[in-house]
Structure formats: structure tokens, C-alpha cells
S.K.: 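Structure incoming, see below.
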Amino acid sequence: MEVKPKSACETCAQFNADGLKKLGVNTSDFDYVVALAGNPNTGKSTVFNAMTGLRQHTGNWPGKTVTRAEGAFEYNKEKFKLVDLPGTYSLLSTSEDEEVARNFILFGKPSVTVIVVDASRLERNLNLVLQILEITNNAVLCLNLMDEAERNNLEIDTRTLAKDLGIPVVPTSARYNRGIPELIQTISELANGKIVCKPHRIKNIPKNIEQALEKLSVEIKEVYPDIPNSRWIALRLLEGDRNIFETLKTGEFV
Amino acid sequence: MNTNKIDHIIALSNDLRWQIGDEFHDNLAEGIYADAAEIVKGAVRKKDEKGTFRIDAKIDKIITSKVWGFPLMFVILAVVLWMTIVGANYPSAMLSGLLLDTIHPALKGFASNIGMPWWLDGFLIDGVYLAVAWVIAVMLPPMAIFFPLFTLLEDFGYLPRVAFNLDHLFKLSGAHGKQALTMSMGFGCNAAGIVATRIIDSPRERLIAIITNNFSLCNGRWPTQILIATIFVGALVPATYSGIMSLAAVIGIAVLGMVFMFLVSWGLSKTVLKGEVSTFNLELPPYRPPRFWKTIYTSIIDRTLIVLWRAIVFAAPAGAVIWLISNIYLGDDSIAAWLIDSLDGFGFLLGLNGVILVAYIVAIPANEIVIPTILMLTVLVTGISAGEGAGVMFELDSVTATGDILRAGGWTLLTAINLMLFSLLHNPCSTTIYTIYKETKSVKWTTVASVLPVILGFVVTFLVAQIWRLLA
């Protein structure tokens, strides 16, 4: 016999937000690690504060988060550790703040990566999103600053966006706590494998580069069959990233 | 076996990199942007062309314009300072009435009732308690006004515009444009400003930003500037204009600090820290209406109380030290009197005096306690009976009474001006020094950052004193 839910409420994110406990800096014994990445000044720290109940300093200027802040929340009896990464425009260059973000997503092995973007500047923000999707399979797009996009008369079709990117998209206005319960619900479903992503892979790459990536990728998979992001490793190899040479030898990312 | 394979992969990647050639990076970036454009085309629709982007652009045109950018910056700084100076008076008077005039005598009475020995009573109540009470009464109100105002500006999006306006000057001095942001943070607290320099990628430019951050007048020094300017500079003009005159003097010192920041940055980048100026993209974020009450609440809880707590933690032992050096005698003189005596000659050369120099030694842990230390030591030396006895740190209720004590201690307009200059140009507080060490991991650069400002301070006050005396 099929067991029906008692009420529609049980499937509703707001109802489930009851199961949310903000744990502040208490990050011990967590079940999952969640990384918070995104361009500078898209409100990552505000999202971080809304989920953990902490009061990381926030301000309207890019580059304000310089250290990796950590916090935690508990949702439906599972503990999530949240890591707020410094904002970056890209993961391709060699500057030091980008290295912090890149290394964490690649080697910190977060269960879920939340990519925070400014809804009113989506196109520019997608540059980073597409790069992160080359690295990780488990990500959610947090379409933040929706209030500003609305003020600017922008209409965003989140379903099309989610289909194109191959990851869930949650519209939020973290400053007003809007969309945060839905975001937490989505993070939890991703961590538990209830949602499976098929992330977008960059398509418009010139043929000669694509072929080179393919060649390298095949060889990398021979050595590390379980690697999810062989194409990204190949990209970094072509870039001549010395760090990747080293980690390829130690196999740290597997 | 794996090692061979990996060596093979690396060798292969090197070959392929040659084949692809130089355009790799650009082609890849173009590819990513092409993908992004396709996705956005399918998902984003703009309902009509008019939007708030235009209002933002209009505001930017004014505040970052060549004509209005700088004057507006000074006006905003002046308004924030004005509100801080005027607004802090009343709560300050109330707090000092409560903590110093009511609770202090009550504690003294209680101590004598239970028969506490005089030295323990003096050490705890006149030393530790009074120091803490003074810091709360004098520092809490201005901080509770200054920090929220500053945070509101920050949330609104003004800081990146300041950086934009100053970028040109920083570039001329061989430093990084983002130093404008760390400089602004320094106006709150130098230690915070130094941590913020992590946004500067180039190690050379970051070091310049760290070494020169001390030229941003910090929260611990604003009250000193304001008090001395009010007593000595404001008094030069009729009472109606004295407020504006003292405000102008304080802003003058703050601007002078910025001038020194540019000069020292320039000097460093032309000598020991030579190198190219790196370029960077500065995004001017959209203006966002601050969430007023939330900002007020968090800036009071997070910034004000944390800084206040730090001040208390440092003021308590300093109060104890002052009481001790004033009450322990070597021969006929107390240690304090002996120190003051031996530093008086050097102090005179700088247009200062021994009391001020001793106060700056005692106040290394926290700039906030400079003025009460000076007052206490002055009373000790002149022997006038306005205070609470030997080694008791206190603050007089009225500004006039404070002025009378300082004048009795031999202060002139020159002493006041040089004290303001020395307050700007002296070593960073111990917390800042420790932060510099943590960030640079270098004893050498920490020493440079600590000693350089003091040397500058000596040179500048010496020159001002000599010229002043020549002309007077």
C-alpha cells in the first residue's frame, strides 16, 4: 500500500525549514561540507550569515571576504559545514585569492558547491559558473539579489536556466532572507543524492583545443579511473599549472 | 608504473601546449563567454529599457567626477565627523557622571568600610577601575556613532567610489589602487585595515599598504585629536566659530595623514620596494539602499563592542601600571617623576614634553589612554590638586578644566599642535604590530612598519618646533 504524506506541508521547503538549526561557528562532526563560491560582491557572505546565523562582516564592495570563513547549520538531523570562499571572477588565472577558491573546490572535495551569482549581472557571472561546473558535479546556482534584478525589470526563467546549466537554480534575496529555506532544502537533497546533476560542459571551445583536451583526458582517466573532472585537469595541464603537475603525482584530488 | 604514466601525461601536455600556441587562453575565454551568452539569451528577458542602472550611472557621474569627487569626499568625511563629535558629547557626559562621579566614590566608600588596605584600594579602584571607566565613558559614544555611519556608507556602496577617485594618486605614488579601500578600513582600526590588505595580490604593493596603513587616523586617535583641537585650536577664534575651527583642524590632520601615506608609499616604491604598478579591475557595484536598523544593530554589536572590549582589556593593566610607577619610589622620586624628568629635554626639542613621551610609552597597548595618562602625569608633576591623587587616571568633566590643567603643565599652542602631529605619526599600537607580524611573517618588515612612523614623528615635530620658535 502506498503511504501518502499527511499533508502537502511536508513536501514544502518552508515547512521543513523548521528542521533548521543555525549552529554558528560550531563546525565539529559534520556530515557534509558545502562550499560557497561566486564573483565578488554577489552577497556570498550575506547568504552565509543567513544560513549559519553568524555575522560575518558584509559590505557593498568587492574583495571584502579575504579569509575562508567557516560556519555550520543542521537540517533534518544532518550537520552541514559551510565554507565561505573569497570572491573571484575566474579560476583560470594565477592570483592568490583565486587559488584559495580553486584549490578548495578541487581538493577540499565539498559535497555540494553553492555558486552565488548576481541575478542582474548573470552573463558576466556565468563565466565563473561554467568553470566551476567543469570541476564539480554537485552544484546549485543561488540566483541572489533577485530584488535588484526585479527593480531593473529583468525577468529570469529559472527553469530554462536550470535545464541549460544542468543544476538546480534557486532564486534568493539573502538580505531579506527570501529563498534561503528553499536553498537549504536543495543543498540537502543534493547532498543526499536525491537530485542528480548533469552539469553543462563548455561547448564553444575551438577544435584543436578540444582535441588536445580529449587526448589528455583519456590518459588521465587511465591512471585515475574515478576522477570526475579529468577535462578540467587537462585544461590546467595545458595552462602549465605547476600545482597540478604535483597533485597529479600525489593523486590528491581522487 | 603510475609515475611513468604521469610523466608521459605531463610530457604530452607540454607538446600539445606547443601545438596549440599562444591563443589558448584567449580562445578558451572566448569559448566560455560564447556559452554564457547563449545561456543568458534563452533565460533572461528585459521588460523595458529604463531601469535603475541609469540612476546609478547618474550618481556615479557626480561622485566620481574630476570636479566634484574630491570635495564631496571631504564633505562626507566632515559630516560624519561632525555628527560623531557633536552627538557623542551628551552620552559621554552621562556615562562619566555615572561611572566616575557616582560609582567611583561608592566603590571607595565600600572599600574603606571593609577596611581594604590603601595600596590594594588604590591599585584596584583608582588604577584598574578608573582606567576602564574612562575608556567606556569617552570611547563608547563616539564609536557607537562613527562605526554605524561608516558601515552605512559601506553598505550603500560608497567605498569603491573612494577607491576609484584615489586610484590615480595611488598609481602616481607607485602603490596599488585598492590601497584606498584598506586605507578607509584603517580609519576605523589599523589592525583591521592591515588584514584587509589581503585583497592586494602583488606582495610588493601589499607591503606598501601594510607599512603605510598607520597613517590612517584610527578610532583610538580620533578622540585625542578632537579633544586637543577643541581646547587649543578652537579657542583661537570667537566661540561661534570654534566648532568649525576644531573640525577643520582635525580634518587637516586626517588629510595630512593621507599626504604622508602617498609620500611614504612613493618613497618606498622608489627605493626598497621597487617595481611595476599592477593593473586591476575595480567593479563599481550598484548602489544598494542599506538596511538601516539591521546595519546599526550589527555594527554596534560586532564592531563597537569588540573594539571597546579590546580597549578595556588593555586599559585595565595600563591603569595599574600608571598607578604603580607613580607610587613606587626610587630615592626621593617616583619612577614616573624620574622618567618624566629624564625625557623632558628631548621632549622640549620636539615641542612636546617628558609627560607626553612617557604617556606614549605607557599607551603602546592602546592609543585610547594617551590623554588620561597625560592628565594624570601632569597633575603629578605640577602638584596642582585637581585630580584624585598620585597615579589616578581620570578625565575632567569639563573641557575647560582639562585645558587649565594642561596649561598649568606648561602647554602652549605649539605643544597642542605637535601632540596632534605626534598622535598621527608614531608607532602603531601593540595589536596592530602583532597583526603586521602575523600578516607579513617577517620581523624586518614589522620593525620597519613600527619604527618608521616614530622617526617621521620625531622629524616633523622637531622641524615644526624649531621653525615655530624661530618665528615666535
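Numbered from 1 within each chain, the chains take letters A, B, ... in sequence-line order.
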S.K.: With chain B as the partner, which of K215(A), Q211(A), H200(A) has the greatest number of non-hydrogen pairs under 4.5 Å?
M.R.: H200(A)

S.K.: With sequence neighbours left out, write down each residue that passes side chain to side chain contact (heavy atoms under 4.5 Å, CB included) with R124(A), or none if nothing qualifies.
M.R.: R121(A), E283(B)

S.K.: Is R175(A) close to chain B through its backbone or its side chain, or both, or neither, when contacts mean heavy atoms under 4.5 Å?
M.R.: both

S.K.: For chain B, which candidate among N39(A), D147(A), L145(A), N125(A) shows the most heavy-atom pairs at distances under 4.5 Å?
M.R.: L145(A)

S.K.: Does F245(A), at its CZ atom, have more than 12 non-hydrogen atoms belonging to other residues, nucleotides or ligands within less than 6.0 Å?
M.R.: yes

S.K.: How long is the span from the CD1 atom in I39(B) to the CG atom in L126(A), to the nearest 0.5 Å?
M.R.: 5.5 Å

S.K.: Calculate, to the nearest 0.5 Å, the distance between atoms CD and CD1 belonging to E246(A) and I10(B) respectively.
M.R.: 8.0 Å

S.K.: If you tally heavy-atom pairs under 4.5 Å against chain A, which of D35(B), V40(B), V44(B) wins?
M.R.: D35(B)

S.K.: Given a strict heavy-atom distance threshold of 4.5 Å, which part of L130(A) is in contact with chain B: side chain, backbone, both, or neither?
M.R.: side chain

S.K.: Need one label for D118(A): side chain, backbone, both or neither, based on atoms under 4.5 Å from any heavy atom in chain B.
M.R.: side chain

S.K.: For R17(B) versus G240(A), what's the shortest heavy-atom pair and its separation?
M.R.: NH2-CA, 3.4 Å

S.K.: State, to 0.1 Å, how close G42(B) and T160(A) come at their nearest heavy-atom pair, and which atoms those are.
M.R.: O-CG2, 3.7 Å

S.K.: Side chain from CB out, backbone as N, CA, C, O: work out which of these in L235(A) comes under 4.5 Å of a heavy atom of chain B, or both, or neither.
M.R.: both

S.K.: Please answer whether the main-chain N or O of E155(A) pairs with a side-chain N or O of R45(B) as donor and acceptor at a distance below 3.5 Å.
M.R.: no

S.K.: Nearest 0.5 Å, please: how far is CG in N127(A) from CD1 in I32(B)?
M.R.: 5.5 Å

S.K.: Is there a side-chain contact between E219(A) and L12(B) in this structure, where contact means two heavy atoms from C-beta onward sitting under 4.5 Å apart?
M.R.: yes

S.K.: Given side chain to side chain contact (heavy atoms under 4.5 Å, CB included), test E38(B) with D164(A) step by step and report yes or no.
M.R.: CA-CA 9 Å; E38(B) 273 175 27; D164(A) 285 350; over 6 Å; no

S.K.: Tell me the closest heavy-atom pair linking L16(B) and A212(A), and the distance in Å.
M.R.: CD1-O, 3.8 Å

S.K.: Would you say F70(B) has more than 12 foreign heavy atoms packed within less than 6.0 Å of its CZ?
M.R.: yes

S.K.: Kindly write out the residues that satisfy side chain to side chain contact (heavy atoms under 4.5 Å, CB included) with P148(B), not counting sequence neighbours, or none if the list is empty.
M.R.: I296(B), S299(B), I300(B)

S.K.: Chain A heavy atoms under 4.5 Å from D7(B): which part of the residue, side chain, backbone, both or neither?
M.R.: side chain

S.K.: Sort out for me which of N14(B), L28(B), I9(B) touches chain A most, counting heavy-atom pairs under 4.5 Å.
M.R.: I9(B)

S.K.: Can you say whether E222(A) sits under 4.5 Å from chain B via the side chain, the backbone, both, or neither, judging by heavy atoms?
M.R.: side chain

S.K.: Within this structure, what is the OG-CG distance for the pair S13(B) and L213(A), rounded to the nearest 0.5 Å?
M.R.: 11.0 Å

